[in-house]
Amino acid sequence: MATMKYDFSVENLGECKVKSPIELSLEHGNFRAAYVTDNSYVRRQVNVYKGAEEDCDDKAKFMEKAGPREYIYFNPTHVTAGICTCGGLCPGLNDVIRAVVRCLWNRYGVRRIKGIQFGYKGFFAEQGYDTIDLNPDNVDAIHKIGGTFLGTSRGGGDRTSDIVDSIERMGINMMFIIGGDGTQRGALDIANEIDRRGLKISVVGIPKTVDNDLQFIDRSFGFETAVQKATQAVNSIHMEAHSQINGIGLVKLMGRESGFIATATALASHEANFCLIPEVPFDLDGPNGLLAHIEDRLNERHHAVIVVAEGAGQELLTSTNQTDASGNKKLADIGVYLRDRITEYFASKKIHINLKYIDPGYEVRAAVTTANDSIYCERLGNNAVHAAMAGKTKIVIGLVHDKYVHIPISMATLKRNIVDPESSLWRDCLDATLQPVYMVNNINTVVEKLKKDADEAEAKALARLEKVNGMKNSC
């Protein structure tokens, strides 16, 4: 199989000739906030393995630092900016909207900022949604509520030509798109269509995925808040289970293909005895299956808490073979399935249990951010504005090794970030739960499956990279 060849070079609309209205220092070491230059980078990989070959291509090794430039591409008086939020809800959406608007208005003096309502569908005339004129007055307090001030929807990103038509009609020359994997792929298609038309419009993405499944970035905004709210749910269900005869608490959390929320919640709560994620298969039945281990736990401690990601154990259920408006596969309900199977198992053995099941998903998604997440959203929004003003395009803003960088959308969306079963994160989760490394009866079958899944993911990523390169060459 071919080797993945990353390219983190950033596209620019043109030469930056306009002096930035933000007054900062030109030098480091004079104790004043300074501009960032285009020759400032962050190394992609920090881990070093003896004997491993390092890619000598700078395009694969370094990511361009984000931040305000001394000279910018757009004259702020000529800017009309657009902002839209797409996909499911996530803590922090309003914080990001607020940050983008306030940085445009207060730092650069931009006075035309249009909020596109209800995601990509807000671009379509037949939907009948007017834009919202945004300014510091009407966004100043929106970080205090959950959801999104602009509304959101799934789908519509495949109508690329119609979206660009709408962007042209509104005179937008700077588009901020807040959304996850599918949304950002749509943003790249929009930016490529803009290129084909010879337009000078910056497209900057702010990655939104509560599952934390975008590649390269340290964490996505809203993830920390989601873990905080999920931890509260687990702590509550533990108290319920601990207070009952053979109490079992079962909590289903977000995580379609990546189990980061479930894993982090198990670590944070200190109360989970089993953490089930999509990346680590498990059996229900048999001497080393989940049900037998729950029984052992009840015999020893008389209560048990199980955290399960929504995408875990899908191979145990009947597939729906359906997709939602964003093209995501509709998952079978692993939470309800486990609840019923656990109940049936102990009933068949005439063992009394008291099982409580909760799914706090929508409560978590609509939550107001934690303080740290709010800080993160503010800085993401500010850096998105600095990038767009400097004419950067086809990028998302990400946090890599605690530094804010520009990542080409084409690289960030090649494949999903997942919990590596060999990683220290999962190892520490095993230490926290004390569950077996694998709850399966045939480890060889599992290893074969995981290897096959990894090979298929790599093949899809390579195919996507080839497609992206083809689109780039045709622009």
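The figures here come from the full heavy-atom set of this structure, side chains too, leaving out hydrogens, waters and symmetry mates. These numbers come from a predicted model, not from an experiment. Sequence positions, counted from 1, serve as the residue numbers for this chain.
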Taking all non-hydrogen atoms of both residues into account, name the closest pair between [X] and [Y] and its distance.
{"X": "Y73", "Y": "V18", "result": "O-CG2, 3.9 Å"}
{"X": "A268", "Y": "T231", "result": "CB-OG1, 3.5 Å"}
{"X": "A230", "Y": "V364", "result": "N-CG2, 4.2 Å"}
{"X": "T148", "Y": "T85", "result": "OG1-OG1, 3.0 Å"}
{"X": "T152", "Y": "G87", "result": "OG1-O, 2.7 Å"}
{"X": "I72", "Y": "P21", "result": "CD1-CD, 4.0 Å"}

Under 6.0 Å from the [atom1] atom of [X], do we count more than 12 heavy atoms belonging to anything else shown?
{"X": "E422", "atom1": "CD", "answer": "no"}
{"X": "R107", "atom1": "CZ", "answer": "no"}
{"X": "K452", "atom1": "NZ", "answer": "no"}
{"X": "K460", "atom1": "NZ", "answer": "no"}

Any salt bridge linking [X] with [Y]? Criterion: basic side-chain nitrogen under 4.0 Å from a carboxylate oxygen.
{"X": "D165", "Y": "R169", "result": "no"}
{"X": "K392", "Y": "E64", "result": "yes"}
{"X": "R102", "Y": "E378", "result": "no"}
{"X": "E310", "Y": "K252", "result": "no"}
{"X": "R112", "Y": "D133", "result": "no"}
{"X": "R159", "Y": "E126", "result": "yes"}
{"X": "R197", "Y": "E168", "result": "yes"}
{"X": "D38", "Y": "K65", "result": "no"}
{"X": "R256", "Y": "D211", "result": "no"}

Verdict with reasoning, N30 to S25, per side chain to side chain donor-acceptor pair (under 3.5 Å): CA-CA 8 Å; N30 61 0; S25 174; 2.8 Å; yes
For [Y], does its backbone N or O pair with a side-chain atom of [X] as donor and acceptor, under 3.5 Å?
{"X": "K208", "Y": "C86", "result": "yes"}
{"X": "N383", "Y": "G381", "result": "no"}
{"X": "D359", "Y": "G361", "result": "yes"}
{"X": "S40", "Y": "V36", "result": "no"}
{"X": "S166", "Y": "I163", "result": "no"}
{"X": "D95", "Y": "C377", "result": "no"}
{"X": "N173", "Y": "I201", "result": "no"}
{"X": "D137", "Y": "D140", "result": "no"}
{"X": "K403", "Y": "R43", "result": "no"}
{"X": "R111", "Y": "W105", "result": "yes"}

Using a distance-only test with no angle check, is there a side-chain donor-acceptor pair under 3.5 angstrom linking [X] and [Y]?
{"X": "D7", "Y": "S9", "value": "yes"}
{"X": "K394", "Y": "N192", "value": "yes"}
{"X": "N417", "Y": "Q215", "value": "no"}
{"X": "D181", "Y": "T413", "value": "no"}
{"X": "E224", "Y": "T370", "value": "yes"}

### Task
Would you kindly check if the NZ (Lys) or CZ (Arg) of R219 is within the cone defined by 45 degrees around the ring axis of Y376 and under 6.0 Å from the six-membered ring centre?
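Geometry flag: set, cation within 6.0 Å and 45°.
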Worksheet item: Would F8 and F62 satisfy side-chain contact (heavy atoms from CB on, under 4.5 Å), going step by step from the backbone distance to the final call?
Response: CA-CA 7 Å; F8 294 104; F62 300 115; over 6 Å; no
inquiry  = Counting C-beta onward and ignoring hydrogens, is there a side-chain heavy-atom pair between P360 and K229 closer than 4.5 Å?
reply    =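 No - every pair of side-chain heavy atoms lies 4.5 Å or more apart.
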Could you grab the distance from atom [atom1] of [X] to atom [atom2] of [Y], nearest 0.5 Å is fine?
{"X": "D189", "Y": "Q184", "atom1": "CG", "atom2": "CD", "result": "11.5 Å"}
{"X": "E23", "Y": "E70", "atom1": "CD", "atom2": "CD", "result": "9.5 Å"}
{"X": "F123", "Y": "I172", "atom1": "CZ", "atom2": "CD1", "result": "6.0 Å"}
{"X": "C84", "Y": "F118", "atom1": "SG", "atom2": "CZ", "result": "13.0 Å"}
{"X": "E257", "Y": "I277", "atom1": "CD", "atom2": "CD1", "result": "13.0 Å"}
{"X": "R44", "Y": "M63", "atom1": "CZ", "atom2": "CE", "result": "6.5 Å"}

Given R416, which partner from the list T209, N212, D213 fulfils the side-chain hydrogen bond (donor to acceptor under 3.5 Å, both in side chains) test?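 Single pass found, and it is D213.
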* Asked: Given the rule in the side-chain contact (heavy atoms from CB on, under 4.5 Å) test, do L425 and L267 qualify, once you have shown the distances and angles that lead to the verdict?
  -> CA-CA 9 Å; L425 174 65; L267 282 163; 3.7 Å; yes
Suppose we call two aromatic rings close when their centres sit under 6.0 Å apart. Are F124 and Y129 close by that rule? no
Review point. Would the F74 and Y108 ring centres measure less than 6.0 Å apart?
Key: no
- Task: List in chain and number order the residues that pass ring pair (Phe, Tyr, Trp, His ring centres under 6.0 Å) with H406, two or more places apart in sequence or in another chain; answer none if no residue qualifies.
- Result: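 With sequence neighbours excluded, H406 shows a ring pair (Phe, Tyr, Trp, His ring centres under 6.0 Å) to no residue whatsoever.
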Of I334, I306, L250, L253, the one forming a side-chain contact (heavy atoms from CB on, under 4.5 Å) with L276 is I306
